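Note that ligands are numbered from 1 as they come in the structure, with each ligand's atoms numbered from 1 the same way. Values below: all heavy atoms of this structure, side chains included; hydrogens, waters and symmetry mates excluded. This one's a predicted model, so the numbers in the text were calculated from it and none came from an experiment.
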Amino acid sequence: MPIKAPPRLSIGQIFEPRRVAVFGASDDRAKWGGRIMHYLALHGFAGEVVPLNPRRDVVQGRQCYARIADAPPIDVAVIAVPAVIVPSTIRDCAAAGVGCCVVITAGFAEAGADGTALQEEIAQISAETGMRLVGPNCLGLINLRNGMALTSARVLDVEKIIPGHIGLVSQSGALMLSVYNRAHDQGIGFSQLVSVGNQADLEVCDFFEHMIADPMTKAICLHIEGLLDGRRFLQLLDQARRGEKPVIVLKTGRSTQGEQAARSHTASLAGAYPVFAAACREAGAIMVDDPDVMPLAAQFLLANGPSRDDGIGVISSSGGMNGILADRLADRGLRLARFGEKTRSALLPVMLPDHRDNPLDMGMRRHEVGEGDAIAPHLVAALAADPDVSVILIPLTTTPNYERTVTALAEALCACGKAALFIVTPGSVATGVREVIRKHHLAYCDRLDDGIRLLETYLRVPDVRSRPLATVPRIATPPRSGYLSEPEAKEMLAAAGLRVTRERRVQSVMEVGAAADALGYPVVLKGVSVQVVHKSDAGLVRLDLRDRAAVETEFAEVFPILKRLDPTADACLVSEMITDGLELILGVKHDPQFGPVVMVGAGGTLAELIRDVEVTLAPLSAETAESMLKRLRIWPLLAGFRGHPARDVGAVIDALVKLGHLASALHGRLLELDINPLLVCRKGEGAVAADARAVIA
Ligand code: ADP
Ligand code: MG
């Protein structure tokens, strides 16, 4: 790799250019170069705009140049010329001393081999000269604070753009614009937005880093398709957390193609998405699955600060709505607050005595008090004073005095200081109501789903943990490279401090009997070979053998099967039988982005069907291990549930922590490891690895 030239501009300077050049500038707003010129003027760009077009002298009232070489010094040039002439244009820009090119043109790496070659060419020019690139295949960037709207998208066809404190970095240009548009319509402002496209030079993390440092950006939204450098991303998440800037992440690519072929369960269960999600969660970022909720949640967080608890207090206008809402909240694991006695007393003068519980229905008021607007201040004050209410949710269907009621609610909410969210009828009848809510700078959603997503995002405080330092286990060198069969993998685990079944290798009927006698009955007999991945499927596992005769009989059967499958095999394994253990699967895999990952889940033959797994990055602390276990659906089986005895959870936590140490000590070498099952005995009796396999690089 040749040495990269020092960058001509920082990202801060790219967002604050003194002079911007527009290739293909035009007076015609139907053309992209016409629109960009127009939007820069419309939104009052603070710098100078220089049109470039060989066929014009003046464009939109500004002196036009034929070539970039003739123009005055340019900080940022925006380019949407056809792909084939992009490299020569870029070269001209670099020669003219341009600081950064924003390449809107598509048809590069996303389009196939020819495009990839073109992209490499422009990346090369950037690396050699230090001229920065945004894109190609992007939709530009917008700085709301200086009106630098470097995109031709019609979402800028608005009278006034709204400067705010939310930053957005999006891999997709289309997504950036649709998210921007919807947020704008709700009165939500941004500080800066960028779509990074194919990331030939500047990538998501470069802009993320800039926004963490940017004092005007107070919350950051990221849309990520694939990361270039997972470790850097983690460091930045950490930096953002220390700077107390909330980070909201939408990651696409959850489907698990290409993971089925793996030989271990862990590789197929701990896909790229769960690993990414775990990394984000542990670094304190908020994961969402819907683009539009990003700015809503960011704005809500900025307006209200992080939530302290998760109780939701509801004031609605309809019992029907309350019924739906209660169901939906329960479905998503969100909690209705429990009103205290004080709250119920405060509600008594305005509500019917039997209708003073959460969720409140304004229809169940004492009618002598008046309409909704008359009781609104009482309801809001009562909920605001209730310590179990963290957020007040107001889902409204139309009411007789819709606007008056909402005005009264909004005024009371502004005065009360508690986080509040309106959900209004999506239809046009609510246009006036939306106006009222916006005027009061309160949050609203047009659909129940959006509101619930927002609350989910807001109320689920991320589980922030610091990663422990890895202590290297006693033996950090695996026995050999390649596929490790059960006894070899167990040897490595035992050296790392995990408990494995006591067992012996046996080669004859004579030996098997003596070994079983020594271990004590019952025992398990297994035929093991690197050739056989699933031993029980091949008839090589015989459980619960209670005496010497049984062991000898089974050996006489199993050994020939083993020999048929693997002529080089020369021994079986006799192990202690762990009775009544709960089966978990534990595993390690090497994630290409984040390195070693530890997994735990429901074990046994149904592991892949049930997919009840949790992942985390290695190494991990005992607290992380415990919270992973508690998130499993089978947690009640570990904790003790209806006649099922409580299990030795402490032993599982210990095994997970040690596995994390082993995984980090063998960073990059331990590609896959499965313990399936780890048999978890009753409380105080430990947890034992009964089967294991591994792949070593
Ligand atoms: P494989 O996964 O290759 O088919 P295992 O060694 O995991 O073979 O054995 C299959 C099943 O037998 C395990 O999932 C577990 O239920 C049971 N088993 C294996 N070894 C023991 C043991 N030592 N004690 C109790 N049960 C065992
Ligand atoms: Mg197994």
Side-chain angles (χ1 to χ4, degrees), residues 262-269 483-494 498-506 512 515-547 550-551 554-555 557-559 561-562 565-566 569 571-589 599-610 612-613 634 637-638 645 647-648 651-652 655 659 672-682 685-695:
R263 271 182 118 180
S264 75
H265 295 281
T266 306
S268 85
L269 287 170
Y483 180 81
L484 302 189
S485 70
E486 178 175 337
E488 296 168 303
K490 279 174 163 172
E491 199 181 306
M492 183 172 72
L493 291 173
L498 282 95
R499 187 170 150 202
V500 301
T501 42
R502 291 182 293 120
E503 57 207 13
R504 307 231 168 136
R505 252 169 65 91
V506 290
V512 79
D517 284 349
L519 287 166
Y521 295 93
V523 294
V524 176
L525 178 74
K526 295 182 193 177
V528 292
S529 152
V530 287
Q531 309 287 335
V532 185
V533 177
H534 298 293
K535 298 177 292 290
S536 41
D537 291 356
L540 292 173
V541 179
R542 306 296 162 102
L543 301 172
D544 202 18
L545 310 177
R546 289 161 185 250
D547 52 42
V551 183
E554 296 298 338
F555 181 87
E557 256 187 51
V558 168
F559 199 53
I561 302 178
L562 180 64
L565 292 168
D566 176 5
C572 285
L573 207 59
V574 197
S575 318
E576 62 174 319
M577 167 93 188
I578 308 294
T579 45
D580 185 37
L582 178 73
E583 302 203 350
L584 292 186
I585 176 169
L586 269 59
V588 173
K589 75 158 205 173
M599 181 211 69
V600 62
T605 39
L606 298 182
E608 261 147 300
L609 184 67
I610 301 169
D612 181 20
V613 296
I634 54 151
L637 291 179
L638 282 162
R647 301 287 167 169
D648 200 332
V652 183
L659 206 55
E672 293 175 17
L673 167 77
D674 268 349
I675 302 173
N676 188 22
L678 179 84
L679 294 168
V680 190
C681 304
R682 292 176 186 222
E685 292 173 13
V688 191
D691 180 24
R693 52 176 161 265
V695 181

side-chain contact (heavy atoms from CB on, under 4.5 Å) between Val613 and Met599, worked out: CA-CA 7 Å; Val613 296; Met599 181 211 69; 4.0 Å; yes
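Put simply, the residue from Leu525, Asp544, Leu545 that forms a side chain to side chain contact (heavy atoms under 4.5 Å, CB included) with Met577 is Asp544.
The minimum distance between the Mg ion (ligand 2) and any N, O or S atom of Asp691 involves atom OD2.
For Asp537, no nitrogen or oxygen atom sits less than 3.5 Å from a nitrogen or oxygen atom of ligand 1, counting backbone and side chain alike. By the 3.5 Å distance cut-off applied to N or O atoms, Lys526 is counted among the residues near ligand 1. Between Asn676 and ligand 1, at least one pair of N/O atoms sits closer than 3.5 Å.
The heavy atom nearest to atom 25 (C) of ligand 1, out of those in Ile578, Ile585, Leu573, is found in Ile578. Here atom 14 (O) of ligand 1 lies nearest to Pro677 when heavy atoms of Pro677, Ala692, Ala689 are compared. When the options Leu543, Asp544, Ile675, Thr501 are ranked by their closest heavy atom to atom 12 (O) of ligand 1, first place goes to Leu543.
Residues Leu562 and Cys572 form a side-chain contact, since some pair of their non-hydrogen atoms from C-beta on lies under 4.5 Å apart. At least one side-chain heavy atom of Val541 sits under 4.5 Å from a side-chain heavy atom of Lys535. Within the 4.5 Å cutoff, side-chain heavy atoms of Leu659 are placed close to those of Ile675. With a 4.5 Å cut-off on side-chain heavy atoms, Leu679 and Glu583 count as touching. Side-chain contact check for Cys681 versus Asp580: every heavy-atom pair is 4.5 Å or farther apart. Side-chain contact between Ile610 and Ile634: absent, with no pair of heavy atoms (C-beta onward) separated by less than 4.5 Å. In this structure, Asp674 and Ile585 have side chains that are in contact, with non-hydrogen atoms separated by less than 4.5 Å. The closest side-chain heavy-atom distance from Val574 to Phe555 is not below 4.5 Å.
Distances below 4.0 Å separate heavy atoms of Leu679 from the following atoms of ligand 1: 24 (N), 25 (C), 26 (N). Proximity to Glu583 (heavy-atom distance under 4.0 Å) selects the following atoms of ligand 1: 14 (O), 15 (C), 16 (O). If you number the atoms of ligand 1 from 1 as listed, the ones under 4.0 Å from a heavy atom of Met577 come out as 24 (N), 25 (C). The ligand atoms of ligand 1 that sit less than 4.0 angstrom from a heavy atom of Asp691 are 1 (P), 2 (O), 3 (O), 5 (P), 6 (O), 7 (O), 8 (O). Residue-ligand proximity, Glu486 to ligand 1, at heavy-atom distances under 4.0 Å covers atoms 6 (O). Within ligand 1, counting atoms from 1 as listed, the ones closer than 4.0 Å to a heavy atom of Glu576 are 22 (C), 23 (N). Atoms of ligand 1 lying under 4.0 Å from any heavy atom of Ser536, numbered from 1 in the order shown and given with element: 1 (P), 4 (O), 10 (C).
Heavy atoms of Val533 approach ligand 1 to within less than 4.0 angstrom. Not a single heavy atom of Glu503 sits less than 4.0 Å from an atom of ligand 1.
Taking backbone and side-chain atoms together, Asn676 has an N/O/S atom less than 2.8 Å away from the Mg ion (ligand 2).
The two atoms that bring Ala538 and Val532 nearest to each other are CB-CG1, 4.1 Å, heavy atoms only.
The nearest heavy-atom contact from the protein to atom 22 (C) of ligand 1 is Val524 CG2, 3.6 Å.
The backbone of His534, and not its side chain, has at least one atom closer than 4.0 Å to an atom of ligand 1 (non-hydrogen atoms only; backbone = N, CA, C, O).
Between Lys526 and Glu503, no side-chain nitrogen of the basic residue sits less than 4.0 Å from a carboxylate oxygen of the acidic one, so the salt-bridge criterion is not met.
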